[in-house]
Amino acid sequence: MKDKKKNIYKIISFIKKLLMAILTFLCMLVVFSIMVIFSIKKASEGFLNEKELQNIVNNIDIMNILINTSEFDEINFIKDNFIDSGIEKETIDAFITSTPINNYVKESLNKKIDNILNGKDEKVFTKDSIYNFLELNMSSIVEELQEKNIPKSDMLTKENQEKILNKIKLKLPKIEEKILSIGDKLNSLLNLNYNINIKDILYFVKLFYINIIDFLLILLFILYVMGIVITRKSFIKSLKWIGLTFISSGIMIHAINKLLVKLNIELLPDIIIDFIKTTLVNIINHLREYSILFILFGILFILIELIIYLIKKYKRENNNRIKKYFKKLSFNR
């Protein structure tokens, strides 16, 4: 009967140890994931956020790219409509790539980014907004063309500007359609060739880089580190497991870094390739720092537990020697 009870006790004890080991492993896995995610977030948040996305747009010569990209035949339609309205063929390219128009397109795209991030679905390029822009900026566009000595820009007198605006106003509904078509085509091209969904990226950026994510990750990190300590039933005994988690995280971040170094970004759109190159270099450097830091901390935690273990072992052995000495002394008496 006693043997049976002992066997039952051993089985229960084994099951308890096994469950604790599984819980420890699960806590380590969560801490590992949190550290990797947190590192990626902190390494990239200075380069991949709402403001940075808008900076990308602001640093792109959008109209020049659209003119020189064969996929966007809508640009030729828009150019033809401007020519029909009275702008000379020799002037049209310089007209639609002028600074005011480029800035207008950039501001509109930034507004589009804001709308997507805030869940709004409204047009930024409408016939009314395009006309209002042209009405307000026609003279400054012409002034720029004349300063650059663009052929036949001298024909864009005040009187002709008024006539052009009146004719363009009639053609704006079709121009608006073509501009919207460019947006749709750009999105479908990105989806088709690069497997990128612009809206998904913007939503991810908005959610991933808000400050509350930092707080949640840190809170979860503390809770699951405590979970490791509780399942190991000792802070000292848990140090090696925490250390192994840190080392594993450091190795994983190092592996991610290696993948980023080998990443072929030449397949990405030319519009964003320079930005991606610069961003990748910065992220790789930051991730390397996190990788080294985590591995060093991991080794430190393991060494601390080892040192404490050796100190305790030395004290235990020393106490045993003292006890044996006193026993021997008392026996001799």
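Proximity of Thr126 to Ile130: side-chain heavy atoms (C-beta onward) are nowhere separated by under 4.5 Å. Residues Lys42 and Tyr290 are in side-chain contact: their nearest non-hydrogen atoms beyond the backbone lie under 4.5 Å apart. Using a 4.5 Å heavy-atom cutoff, the side chains of Met138 and Glu162 are not in contact. Taking the side chain as every heavy atom from C-beta outward, Val31 and Ile228 approach each other to under 4.5 Å. Between Ser98 and Phe95 there is no side-chain heavy-atom pair separated by less than 4.5 Å. Side-chain contact between Phe208 and Ile37 is present, with heavy atoms from C-beta onward closer than 4.5 Å. Contact annotation: the side chain of Ile96 approaches that of Lys79 to within less than 4.5 Å [non-hydrogen atoms, C-beta and beyond]. Between Phe77 and Asn81 the shortest side-chain heavy-atom distance falls below 4.5 Å.
Rounding to the nearest 0.5 Å places CG of Leu300 at 13.5 Å from CD1 of Ile295. Here the OG1-NZ distance, from Thr231 to Lys237, works out to 12.0 Å after rounding to the nearest 0.5 Å. Distance CG/Asp128 to NZ/Lys169: 8.5 Å, rounded to 0.5 Å. In this structure, CD1 in Ile236 is found 11.5 Å from CD1 in Ile307, a value given to the nearest 0.5 Å. Interatomic distance, Ile34 CD1 to Leu219 CG, rounded to the nearest 0.5 Å: 9.0 Å. Note that NZ of Lys258 is 10.0 Å distant from OG of Ser291, once rounded to the nearest 0.5 Å.
Checked by atom type and distance alone, the side chain of Glu135 never pairs as donor or acceptor with a backbone atom of Leu165 at under 3.5 Å. With hydrogens and angles disregarded, a donor-acceptor distance shorter than 3.5 Å links the side chain of Gln161 to the backbone of Leu156. Formation of a donor-acceptor pair under 3.5 Å by the Glu176 side chain with backbone atoms of Lys127 is found in this model. No donor-acceptor pair under 3.5 Å is formed between the side chain of Thr91 and the backbone N or O of Ile87.
The number of heavy atoms from other shown groups lying within 6.0 Å of OH (Tyr224) does not exceed 12.
Between Phe221 and Phe38, the ring centre distance reaches or exceeds 6.0 Å.
Contact between Leu287 and Ser39 at its shortest, heavy atoms only, is CD2-O, 3.8 Å. Of all the heavy atoms in Ser85 and Lys171, the pair that sits closest is OG-CD, 3.5 Å. Closest approach of Ala43 and His286 over heavy atoms only: CB-CB, 3.5 Å. Residues Arg288 and Asn257 approach most closely at N-ND2, 3.4 Å, considering heavy atoms. When all heavy atoms of Glu305 and Ser238 are compared, the pair lying nearest together is OE1-C, 4.4 Å. Between Leu172 and Tyr131, the closest heavy-atom pair is CD1-CB, 3.3 Å.
Note: the hydrophobic cluster containing Ile284 does not contain Leu259 (ILVMFWY, side chain heavy atoms under 4.5 Å, direct or indirect links). Linking Ile, Leu, Val, Met, Phe, Trp and Tyr whenever their side-chain heavy atoms come within less than 4.5 Å leaves Met20 and Ile11 in two separate clusters. The cluster map of Ile, Leu, Val, Met, Phe, Trp and Tyr, joined by side-chain heavy atoms under 4.5 Å apart, puts Ile213 and Phe215 in the same cluster. If you chain together hydrophobic residues whose side chains sit under 4.5 Å apart, Phe25 and Phe32 never meet in one group. When hydrophobic clusters are built by joining Ile, Leu, Val, Met, Phe, Trp and Tyr residues whose side-chain heavy atoms come closer than 4.5 Å, directly or via intermediates, Ile230 is not grouped with Ile15.
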N/O donor-acceptor pairs under 3.5 Å from side chains in residues 239-256, not counting sequence neighbours:
from	atom 1	to	atom 2	distance (Å)
Thr245	OG1	Trp241	O	2.8
Ser248	OG	Leu244	O	2.8
Ser249	OG	Thr245	O	2.9

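By the 4.5 Å side-chain criterion applied to Ile, Leu, Val, Met, Phe, Trp and Tyr, Ile292 is assigned to a cluster that also includes Leu296.
Judged by distance alone, the side chains of Tyr104 and Ser129 do bring a donor and an acceptor atom under 3.5 Å apart.
Under the salt bridge (charged side-chain N to carboxylate O under 4.0 Å, His left out) criterion, Glu159 pairs with Lys163, not counting sequence neighbours.
The pair Lys167-Asp84 fails the salt-bridge criterion, with no side-chain N (NZ, NE, NH1 or NH2) lying under 4.0 Å from an Asp/Glu carboxylate O.
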TODO: Run the numbers on Ser153 and Gln146 for side-chain hydrogen bond (donor to acceptor under 3.5 Å, both in side chains), then give the verdict.
DONE: CA-CA 6 Å; Ser153 60; Gln146 290 174 350; 5.1 Å; no
